[in-house]
Amino acid sequence: MDRKHQSFSGATAMDSDGTARYVSATVAAFLHSRLSDHAQRIRHKDQCAERLAAGAASSDACYSDQAVLANLDWGIDALEEAISSSNPEAKLARLEHAERMLQIAAMLDPGGSTAGVPNSYLSAWAHLNLALLQRLSSSGSLRSAALHALEMFDVDPFFSRIDFASELWESLFLPHMASIVGWYTEARQQIVMDTIPDSSDLSLSIDFADQLFNESVILSVRPDQAEKLSELERRYGDSLNDSTRMYAKYFKEVLAIDHGATGRKAPVPVLPPIAEPPMTPLREVSRSIPDFVKFGPILPKSAGFSPVLSHYTRLNTNETSLPVREEPKQIGKEEHRSQRNSFRGMQNFSFTGTKNHALNTNLHSESDDDTSHSNFSVASSGRLTPRTRPPKDFVCPITGQLFNDPVTLETGQTFERRAIEEWLKRGNKSCPITRQFLSSTVLPKTNYVLKRLITSWIEQNPESPDFPCVYTPNGSPGPISFREFSSDSSILGNLDSPISRTGTNKVRNERRQRFNKRGDSTSPISAISQATTETYINELKPCTSCLCTSDNLPECEAAVLTVAKIWKESKADPVICSFLCNPKVVNGFVEVLSASGSREVLRTCSYVLSELVSANEGSGETLIRVDSAFDCFAALLVSGLAEVAILIYQLQPTFSQLSNYSLVPSLVQVIMSDTEQIDDIQFVLEPKDAAIALLDQILIGGDENSRSLNAFSVISANGLPALINSLDRIESRLSIVSVLLSCMRVDKRCRNMIAQRSELAPVLELFHTGNDDTRSICIDFLVEIICLSRRTMCNKILQIIKDEGAFSTMHSFLIYLQMAPLDQQPIVASLLLQLDLLVEPRKMSIYREEAIDSLIEALKRKEFAICQTIALETLCSLSGRLSSLGKPLTEAWLLKTAGFDQPYKTLMLEDQITMLEDEPLETLEVEEKAMTAWEKRLAFVLCNHDNGAIFKALEECLRCNSVEMAKSCLIIATWLTFMLTKIPDTGMGTIASQCLLDQFINVLQSSKNLEEKILAALALNSFIHDPDAIERLGSYVKRIFKPLKRLKRCSIVVADTLKAIKNLSSIDTFWSCTDLFEMESSSNGEVLSLIHSRDRLFSSHSDGTIKVWDTGSNTLKLIQEVHGHSKAVTCLYVTTSGDKLYSGSLDKTIRVWAIEHEEIHSVQVHDVKEAVHCFTSNGDLVCFASQGAGIKVYNWKGASKPINFTRNVKCLAMTEDYIYCGCTGYNIQEVDLSNCSSMTFFSGPKKLLGKQSIHALCTEDGDLFVAGSSADGIAGKVFSLSTKAVIGSFSTRFDINSIYANSEYVFTGTKCGLIEVWSRERISRVASIKLNAASSKVTVLTTDSIGELLFSGTSDGKILGWALG
């Protein structure tokens, strides 16, 4: 034992790096298995919760203790949410929260207790979940996860090995405790045998794990024997716990070494000695070992913790059976075996349930007595003595020889690997001993613990004759080192894979297992004799010697060709495989690959290495350890050797390894090339399949930036057509769909090509036959390809999806919808709903009802915000208005409908779409017609589902605190309310107004975003045709009138809304006026002109002064006063751009002023030779009137053109093409600027008494407002410029001296200090404003740009301001 331990520990100490890799790989396999099995995690949590409840029931927990337990529970729940989430941001947030919660329990003092529960139990449970968290996190390392798992065993080894991670304990710790297990078995056997009156003849006939036998022993056990057995169990459990803790600390020390660091190496931890049990007489280990031998007894979940902290369950004479361990998962079951075969890096001695264990002696058949002697026969004529007779468990029942490569089947029977392979090769499907049907013909790993026990027995019985054993290239077995446990391919393939793709990795690993299946191989009783194998070996020796030692490249190339020939002739004999897997030989093959220029040799060399990796996983490990081997393979792939892709794939490199080389273009070339077999070399899979799998791994690995770059590389290399054409390849279909999906997500422009060229039948077949993760990828792919800007094409693809396949696609989608994760249900529902809407939705449809229900339920999940966001995004896409990049255009289209088309134009410009140039007009009309029909159909079913349930869901969603979510919800709500005006009225408008009206008004009032306000205004406009809704809207007049007024210039629908509201009540309801200021400027004389622009008010005065005022904060503050004119400044004009001010004066000049932030300054002075009494301008021209008849048109270049007519001009107003002149005799002249001709626009009737004259003109929105002296109670008129007809008049007895009109009101000023306010729409008096000084004449009126401030100038030099309601 000492020599064995020294050999073992020495080998391990010298290879701490290998130990670290082994520990990490084993822990990774365990964590991967846990993360893949949701049901197992939930079951385990429930079991632990019951144990917690039982422990806590015995004590009164304080608040702090309850908080610790709650934090642990919240942390586990947050981890589960992160595992199930596919959104990276949501997953990261849940992982951070889970880590904070779990760390609280992990840092508890193991010696104390919390709420009656041992802290060691809580801390170990927390460390288990922290290990899962580190494995799941993209920022977590595998080493951190392994350290948490080892800390779990260090903190509480008992519950860690029986409750938390029994499978991991078996793999990582049990192999080092075989001596303890053997000691316990012998000691317990001795106690039990002493209970039996005569046990001399039971050694070959009694199964000590048999239930009936256990019961009989219990009934006959004496109290002293029960005490011995109880003490034995306690010592056994303590030994396992101490050894587990000792090895956990050792493994943590190994992992703490930085193997990649440079400089002086850290000291390598020494492997602790194997715990030696108490010395007992040597006995045969030939009895069945019940489950509890392995771990000690498992208490009922309701037993709590107190009995097990220091003692294990005692044997009770009242019990009817020996304590039998009931594992959470029976290791002998097929489910557990499949997991171990898939995820473990090593296969250890498998102690299992009753009649299902590694050392099972129940190998009897009906003729057991006849075969018992043959089981212990030897090659010589001599017979074994009882002392040297090998235990029955050490001999294969088929070959009658000692096991060399034992494997334990699911039935619990153990056989020599080659013998059972031959048995299965002959078509047998059952166990040779029990005749029980085998669910799988894939054999498990070697039972190394049994093999080690056999080796130990042979060393302890040197006098026993040699048993005939099969040929072993590696020589006799020796101490087990970490290098002997080769990692399972599924582990290495998933170390760097995202756990969010667990299901995909599982499918990919299954596919690798299918690829790596070998053909029938030679067995001890096959047709190929041992002599034939030795002949092959002899033929290979010169070749392998050449590969290992020769520097002659042609000789080595010839050796490679010879080796390949012999390999094919031997039909992949495992003995030859073992011979060729020598590291030196493998290194020789790599050197030939690096140096050879012959394509035949390179292909053959790749073939041989691929075959070796496929037949022996250890050769893959050898290849990985060869210096620059992967560099060589990558270089060959880049140079065009397609077959080397198979070898790279079989080595299962991590993403970080692949990312070191620019392999994407080369992999695409392999996929695009024709790789038909040109000789008799048959690879385990085609290079194209390997290239596709590697490409998929590259595209789903790394961060977002690297995924984008790699996807663009695939697209730029023109790899998409080849991938699409390869969809019929069953083995690679999932990877192809995944690659195409990655490309579409990165570059939306390739969606159209993929949608048009892809055959959807293979994708649907993949969906029907795949697991949930495969179906998720298929759903994402189908949803992506229907996000097209052309509705007609989208409908065609939907029809293909609906009709393709042997199964009902809609029914399959419905079933998956009911089982899909929460964050994917909205996506599946949208696809199902679109398929259902391909026909007119007249009758009830279960598919439609389920789909809409799922969408509405997703909107209501306040606790799962990511689900609400996905549902809103899905509804936006459902509307069908998408850009060529797949971006929803719903918001921009609604804004365009409301008259605010700038966002729509911007999106079209970004999308590089010219709607009228890229497509014929007829095509656009067809598309718009199809889109309109689709929108109506979709809106009808959404609005009418369950009595408007979607409006109620949107109402709740609009109240959320998330700005982005509220904006998305506003878009959907606006679209639905707008579509209510386009579909048949079914009474849903009333429900919509009841649910959403308050929310729309809140947005209109409180939002600072112009686009949101316009959307709300459009939604409110949709209610004006519903009598009930418009009545409710009328009750909000005070709140919405002012915001709507501000939006009137941005949206064309606001005017209709305001008009509808005004018709509900008196216009007086809307008018309000508040005095703001009265500014004294009498020192500058009369105020002759006022004009407002961009929070600045410009005033001109009779002394030639121009003043600039700041109107911010509803106050008037003087900024600047300039004296550019020598006489009165009669008029002012500001250009549309707001950067220039024109002023006309009686000093016969017109000045141009530059408007800057804080001041104005003169830039030009134009001498017009005549006094300017009034003028107007459009920026290009200025027209002014002087004392004489007619007007003059000035072009800023010094030239003026007179336009003569017989009347004197008192005032001017200008539109884009015409000038209107108010003349004496109540006459209006119209001047056409295009030809400078004039004509009479209006001529008033002649009065016998007095004269009626025009004092002021104003144009606004196609109307001409005329103000003058009052006659017959009429002081002014309103003309339509288009028809020249009078459309209204100002009925007042006062002469109107000044006038100003905006979109809502007309303001008129009189000579007696009175301002009258008129409704613009009906030209009826609304209100009047009386100035303080009745003698003041109102000389000029103006408002700000949004009509909220009114300014007035008076003859006594005052400027007054009012706030308008």
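- When all heavy atoms of Ser596 and Leu602 are compared, the closest pair comes out as O-CD2, 3.9 Å.
- Between Ser614 and Gln650 the shortest heavy-atom distance is CB-NE2, 3.6 Å.
- One distance of note links CG of Leu734 with OG1 of Thr774; it measures 4.5 Å at 0.5 Å rounding.
- Using a 4.5 Å cut-off on side-chain heavy atoms (C-beta onward), Arg94 and Ser85 make no contact.
- Nearest heavy atom pair, residue Ile671 against residue Ala691, reads CG1-CB, 3.9 Å.
- A perpendicular orientation is assigned to the rings of Tyr816 and Phe767, their planes being inclined by more than 60° (bins at 30° and 60°).
- Across Leu720, Val714, Val763, Leu699, a single residue satisfies side-chain contact (heavy atoms from CB on, under 4.5 Å) together with Leu740, and that is Leu720.
- Atom-to-atom distance recorded for Leu142:CG and Thr654:OG1 is 11.0 Å, nearest 0.5 angstrom.
- Looking at Glu784 and Leu741, their side chains come closer than 4.5 Å, going by heavy atoms from C-beta outward.
- Within the 4.5 Å cutoff, no side-chain heavy atoms of Ile870 are placed close to those of Gln824.
- Here the closest heavy-atom approach between residue Arg733 and residue Leu727 is recorded as NE-O, 2.8 Å.
- Side chain of Gln825 to backbone of Ala820: a donor-acceptor contact under 3.5 angstrom is found.
- Side-chain contact between His811 and Tyr847: present, with at least one pair of heavy atoms (C-beta onward) separated by less than 4.5 Å.
- Of the possible polar contacts, one joining the Arg707 side chain to the Gly702 backbone as a donor-acceptor pair under 3.5 Å is found.
- Counting only N and O atoms by type, the side chains of Glu804 and Thr809 include no donor and acceptor under 3.5 Å apart.
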Open item on the list: Please evaluate residues Leu612 and Cys577 with respect to the criterion side chain to side chain contact (heavy atoms under 4.5 Å, CB included), reporting the C-alpha separation (whole Å), side-chain torsions for both, the decisive distance (0.1 Å), and the verdict.
Closed with: CA-CA 6 Å; Leu612 294 180; Cys577 177; 4.2 Å; yes
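- Contact check for Leu647 versus Leu636: no side-chain heavy atoms found under the 4.5 Å cut-off.
- The distance from atom CD of Gln818 to atom CD of Glu850, rounded to the nearest 0.5 Å, is 5.5 Å.
- Note that the CG atom of Asp803 and the CG atom of Leu760 stand 11.0 Å from one another [nearest 0.5 Å].
- Side-chain atoms of Arg41 come within 3.5 Å of backbone N or O of Arg34 as a donor-acceptor pair.
- Contact detail for Leu623 and Ala629: the closest heavy-atom pair is O-CB, 3.5 Å.
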- [ ] With side chain to side chain contact (heavy atoms under 4.5 Å, CB included) as the test, would you mind laying out the steps for Asn710 and Val746 before giving the verdict?
- [x] CA-CA 10 Å; Asn710 290 325; Val746 169; over 6 Å; no
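- A 4.5 Å side-chain heavy-atom check between Ser877 and Pro888 finds at least one atom pair inside the cut-off.
- Side-chain contact check for Gln697 and Tyr649: no donor-acceptor pair (N or O, by modelled atom type) lies under 3.5 Å.
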Open item on the list: Phe633 vs Leu651, test: side chain to side chain contact (heavy atoms under 4.5 Å, CB included). Steps then yes/no.
Closed with: CA-CA 11 Å; Phe633 301 152; Leu651 294 180; 3.6 Å; yes
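- Here the straight-line distance linking atom CZ of Arg791 with atom CE of Met931 works out to 6.0 Å at 0.5 Å rounding.
- Checking side-chain atoms of Asn725 against main-chain N and O of Pro721 turns up a donor-acceptor pair under 3.5 Å.
- For the residue pair Ser606 and Glu643, no side-chain donor N or O sits within less than 3.5 Å of a side-chain acceptor on the partner.
- Annotation: side chain to side chain contact (heavy atoms under 4.5 Å, CB included) contacts of Asp703 (sequence neighbours excluded): Asn705, Ser706.
- Taking SG of Cys778 as the start and NE2 of His768 as the end, the distance is 9.5 Å to the nearest 0.5 Å.
- Looking at every heavy atom in both residues, Ala564 comes nearest to Val608 through CB-CG2, 3.7 Å.
- No donor-acceptor distance shorter than 3.5 angstrom exists from the side chain of Ser137 to the backbone of Leu133, with no hydrogens or angles considered.
- A donor-acceptor pair under 3.5 Å is formed between the side chain of Trp934 and the backbone N or O of Leu878.
- The stretch residues 867-876 participates, sequence neighbours left out, in no side chain to side chain donor-acceptor pair (under 3.5 Å) pair at all.
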TODO: Please assess Leu882 against Leu889 for the test side chain to side chain contact (heavy atoms under 4.5 Å, CB included), listing each intermediate value before the final yes or no.
DONE: CA-CA 5 Å; Leu882 305 170; Leu889 298 177; 5.6 Å; no
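- The main-chain N or O of Ser738 is found under 3.5 Å from a side-chain atom of Ser742 such that the two form a donor-acceptor pair.
- Residues Pro821 and Ser84 form no side-chain contact, since every pair of their non-hydrogen atoms from C-beta on lies 4.5 Å or further apart.
- Under a 3.5 Å cut-off, the side chain of Ser24 and the backbone N or O of Arg21 do not form any donor-acceptor pair.
- Atom NZ of Lys796 has 12 or fewer neighbouring heavy atoms from other residues, nucleotides or ligands inside a 6.0 Å radius.
- In this structure the side chain of Leu782 reaches within 4.5 angstrom of the side chain of Phe813, judged on heavy atoms.
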